[in-house]
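First the structure, in the form of structure tokens, and then the observations on it.
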Amino acid sequence: MNKEIRAIRGVRDLLPGELKKWRFVEKQAVSIFEAFGFEEIRIPIIEEAGLFQRSVGLYTDIVEKEMYIFSDKKGRTLALRPEATAGVVRAYVENRLFDSQRIQRFYYSGPMFRYDRPQKGRYRQFYQMGVEIFGGATGYYDGELIFLLGKILSNIGFKDYSFEINSIGCDKCKPAFTGKLSNYLNERISSFCSDCKIRAQHNILRVLDCKNNECRQILRDAPGITDFLCEECRHHREEVYKYLAIFSIPYRETNLVRGLDYYTRTVFEVKIQGDENAVAGGGRYDNLVYQLGGPSTTAVGFAIGMDRICELLENPGKEEESIWVIFLGERAFSEGIPIINNLREKNIKTIVDYDKRSLKNYLKVADRQGIKKVFILGEDELSKRSFLYKDMNNGTQQLIPFEKIVNILKVNL
RNA sequence: GUGGCUAUGGUGUAAUGGCAGCACGAGAGACUGUGGCUCUCUUGGAGCGGGUUCAAAUCCCGUUAGCCACCCCA
């Protein structure tokens, strides 16, 4: 054998067995998205690197350390998308989709790329489904998304999930807060863990999220963002909570901070109980459309981590019934094929094998594959113008005349 | 990016530094147009590269990959 070529680090093949779950989740999610009036959008997987630098943020881990970035043959600096929101906003602006009369809802699905260290639930090529709402300014829209997200999780069978929510303020109030926080931290900087010392420089809000006990102690008396939120942000936050109450969605208010620069006001994440990783996360980004060259437009969105969701999901297991057709001999094959094709026209899943094997071998394979319905056509059956139908569950057999086959199957299936 | 653990047929697993074995799977047959049960036979393995040794799955170094924790995130 030649040397085997293997998939590169952090990427994987999704094989048919696994994909049954994926397709189930995708179907559920899409039907809910559409029920809420979201429309699909498809955007490129590669973009100018600058798009992500300007939106996600130059000093975020995603852009600084995790982005697949390269030059094309013309020397343009491109990147594999590490997330989708930036691209959707770019598309929204570029295609002049902004419409002051209408609030617009989009959903997307596809692979994202981050050069992370791989682990379970964490891949270099991973899949997200997500939504974005443009133009909805009130807290209702944040609430709608959280409601919709919870609905998807429930519908695919999760009972115990919990939302964490926070508000990180807007352009007006966030700087005042980070300034105060920075002063507070700098006065005590030697007491913090080494991670926090770095966070204090680059992404100061993340210090609040530190799990280290000593850091938490010191942070108890640190300025809290809640006290600094401006009137509008405060009001917005209350609105969100009001809608969550109306939708009866349980949530916890935490110090959640997300590692993307574009977020304003609401940020949220959801975890499935017993699992550390967030399966979905999102928030509001009221400045991003403007930053990327569009008119000032409020927006809010989230993304679901498909890999993580599917890893937590039991396999639905219920096999789709199919009919397996065995032809014995040339004449049987040429006379039987048109009838079989007719079944496919009627959307009856029919698998044909014609491989010069023994009947015994075919039946053994059928048994091991868990195939329940086998149709046999050989010389004996041909002379009776019938298929021999064998029910693999109990071994019973019956002849079904060619002309009745579609009707019988429609009733049976 | 940092630290740790792991790596044996397709899968799951054994073996004081001394013949790589077992189970399942897969293939053939017993049973040539009838599967499942049983029996027989067959198939196929040390991630990769070095080193130590008379001798390495076993010890050492490197590397690759997976997993775990951190970081971060979906």
Side-chain angles (χ1 to χ4, degrees), chain A residues 1 3-4 6-12 25 56-57 59-67 81-85 109-130 149 193-199 202-203 206-207 209-212 256-260 263 267-272 275-283 301-312 324 326-329 332 357-382 388-397:
Chain A
M1 266 230 287
K3 199 172 170 194
E4 212 176 328
R6 311 208 334 211
I8 60 175
R9 189 170 203 205
V11 307
R12 59 189 182 144
V25 174
V56 174
Y59 300 107
T60 57
D61 279 15
I62 291 177
V63 166
E64 212 169 23
K65 309 197 300 215
E66 297 174 1
M67 200 154 71
R81 62 184 186 193
E83 59 105 47
T85 300
S109 174
M112 310 295 157
F113 303 85
R114 288 182 203 169
Y115 193 86
D116 247 3
R117 186 125 162 198
Q119 253 178 70
K120 202 171 203 59
R122 166 180 245 185
Y123 303 94
R124 289 184 175 180
Q125 174 174 339
F126 61 101
Y127 295 81
Q128 289 187 338
M129 292 185 88
L149 177 53
C193 69
S194 52
D195 286 332
C196 279
K197 284 175 184 149
I198 297 164
R199 290 188 187 113
H202 296 295
N203 199 338
R206 293 222 70 95
V207 176
D209 212 21
C210 185
K211 282 130 202 145
N212 181 297
L256 178 69
V257 177
R258 315 204 70 242
L260 292 79
Y263 284 118
V267 293
F268 61 92
E269 271 184 11
V270 60
K271 288 178 180 172
I272 306 293
D275 195 74
E276 256 313 293
N277 282 331
V279 294
F302 71 75
I304 301 172
M306 289 293 292
D307 306 78
R308 289 178 179 180
I309 290 266
C310 291
E311 249 154 47
L312 293 170
W324 206 43
I326 300 167
F327 290 114
L328 303 170
R357 300 195 212 183
S358 66
L359 177 60
K360 180 173 43 183
N361 182 285
Y362 278 125
L363 289 174
K364 191 186 274 185
V365 172
D367 183 49
R368 291 190 185 164
Q369 299 292 306
I371 290 162
K372 300 284 181 269
K373 295 175 158 64
V374 177
F375 276 52
I376 301 161
L377 187 64
E379 292 294 327
D380 296 352
E381 290 78 17
L382 210 49
L388 182 63
Y389 162 55
K390 184 177 176 83
D391 180 341
M392 296 296 282
N393 283 324
N394 50 28
T396 57
Q397 317 191 129

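A note on names: the letters A, B, ... follow the listed sequences, proteins ahead of strands, and every chain is numbered from 1. What you see is a predicted model, and the numbers here were worked out from it, not measured in a lab.
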request  = Test side-chain contact (heavy atoms from CB on, under 4.5 Å) on A:Leu328 and A:Ile376 and set out the steps.
outcome  = CA-CA 8 Å; A:Leu328 303 170; A:Ile376 301 161; 3.9 Å; yes
ask   = With sequence neighbours left out, what residues match A:Tyr123 under ring-ring contact (aromatic ring centres under 6.0 Å, His included)?
value = none
query = How would you label the contact of A:Ala280 with the nucleic acid (heavy atoms, under 4.0 Å): base, sugar-phosphate, or nothing?
reply = sugar-phosphate
Approximate separation, where rounding is to 0.5 Å, of A:Leu260 CG and A:Thr85 OG1 = 8.0 Å
ask   = When rounded to the nearest Å, what value does the distance between P atoms of B:rG36 and B:rG29 take?
value = 13 Å
ask   = Distance between the C1' atoms of B:rC39 and B:rG4, in whole angstroms?
value = 49 Å
ask   = Touch check for A:Tyr123, heavy atoms < 4.0 angstrom, all strands: base, sugar-phosphate only, or nothing?
value = base
request  = Give A:Gly329 one of three labels, base, sugar-phosphate or nothing, depending on what nucleic acid heavy atoms sit under 4.0 Å from its own.
outcome  = nothing
query = Side-chain N or O of A:Arg117 less than 4.0 angstrom from OP1 or OP2 on B:rC72?
reply = no
query = Taking a pair as Watson-Crick or G-U wobble with both distances under 3.5 Å, which nucleotide is matched to B:rG44?
reply = none
query = Which residues pass the side chain to side chain contact (heavy atoms under 4.5 Å, CB included) test with A:Asn361, sequence neighbours left out?
reply = A:Arg357, A:Ser358, A:Val365
request  = Rounded off to whole Å, could you give me the CZ-to-P distance for the A:Arg308 and B:rC72 pair?
outcome  = 14 Å
Complementary nucleotide of B:rG9, counting Watson-Crick and G-U pairs under 3.5 Å = none
message = Both distances below 3.5 Å, Watson-Crick or wobble geometry, any strand: find the nucleotide opposite B:rA14.
response = none
Separation between the C1' atoms of B:rG44 and B:rC37, rounded to whole Å = 26 Å
Heavy-atom protein contacts under 4.0 Å, nucleotides 23-36 of chain B, coded B base, S sugar-phosphate only, - none = ---SSS--B-BBBB
remark   = pair_partner(B:rA20), Watson-Crick or wobble, both distances < 3.5 Å, evaluates to none
request  = Inspect the contact between A:Arg308 and A:Glu269 and indicate whether a charged nitrogen and a carboxylate oxygen are less than 4.0 angstrom apart.
outcome  = no
inquiry  = Which nucleotide, if any, forms a Watson-Crick or G-U wobble pair with B:rA30, using both distances under 3.5 Å?
reply    = B:rU38
request  = Pick the C1' atom in B:rC22 and in B:rU43, then give their distance to the nearest Å.
outcome  = 16 Å
query = How long is the line joining CZ of A:Arg124 and P of B:rU64, in whole Å?
reply = 11 Å
key: Identity of whatever pairs with B:rG3 - Watson-Crick or G-U, under 3.5 angstrom   = B:rC68
Integer angstrom distance from the P of B:rU8 to that of B:rG47 = 6 Å
inquiry  = Looking at B:rA56, which nucleotide sits across from it as a Watson-Crick or G-U wobble partner, both distances under 3.5 angstrom, or is there none?
reply    = none
inquiry  = Suppose we call a contact any N or O donor and acceptor under 3.5 Å apart; does that hold for the side chain of A:Arg122 and the base of B:rC72?
reply    = yes
task = If a pair satisfies salt bridge (Lys or Arg N to Asp or Glu O under 4.0 Å) and one of its residues is in residues 110-119 of chain A, list it, with sequence neighbours excluded.
result = A:Asp116-A:Arg122
inquiry  = Does B:rA69 have its OP1 or OP2 closer than 4.0 Å to a side-chain nitrogen or oxygen of A:Gln119?
reply    = yes
request  = Write down the distance separating the P atoms in B:rU53 and B:rC60, rounded off to the nearest Å.
outcome  = 16 Å
ask   = Is the shortest side-chain N/O distance from A:Arg9 to OP1 or OP2 of B:rG66 below 4.0 Å?
value = yes
ask   = For A:Tyr115, what residues pass the ring-ring contact (aromatic ring centres under 6.0 Å, His included) criterion, not counting sequence neighbours?
value = A:Tyr68
task = Please measure how far the P atom in B:rU16 lies from the corresponding atom in B:rU11, and state the result in whole Å.
result = 24 Å
inquiry  = Which nucleotide, if any, forms a Watson-Crick or G-U wobble pair with B:rG49, using both distances under 3.5 Å?
reply    = B:rC61
note = Contacts of A:Asn393 meeting side-chain hydrogen bond (donor to acceptor under 3.5 Å, both in side chains) (sequence neighbours excluded), chain-then-number -> none
task = Report the C-alpha distance between A:Leu363 and A:Met392 in whole Å, list the side-chain angles of each, state the deciding distance to 0.1 Å, and finish with yes or no for side-chain contact (heavy atoms from CB on, under 4.5 Å).
result = CA-CA 9 Å; A:Leu363 289 174; A:Met392 296 296 282; 4.1 Å; yes
ask   = Base, sugar-phosphate alone, or nothing: which one does A:Gly130 contact when heavy atoms must sit under 4.0 Å apart?
value = nothing
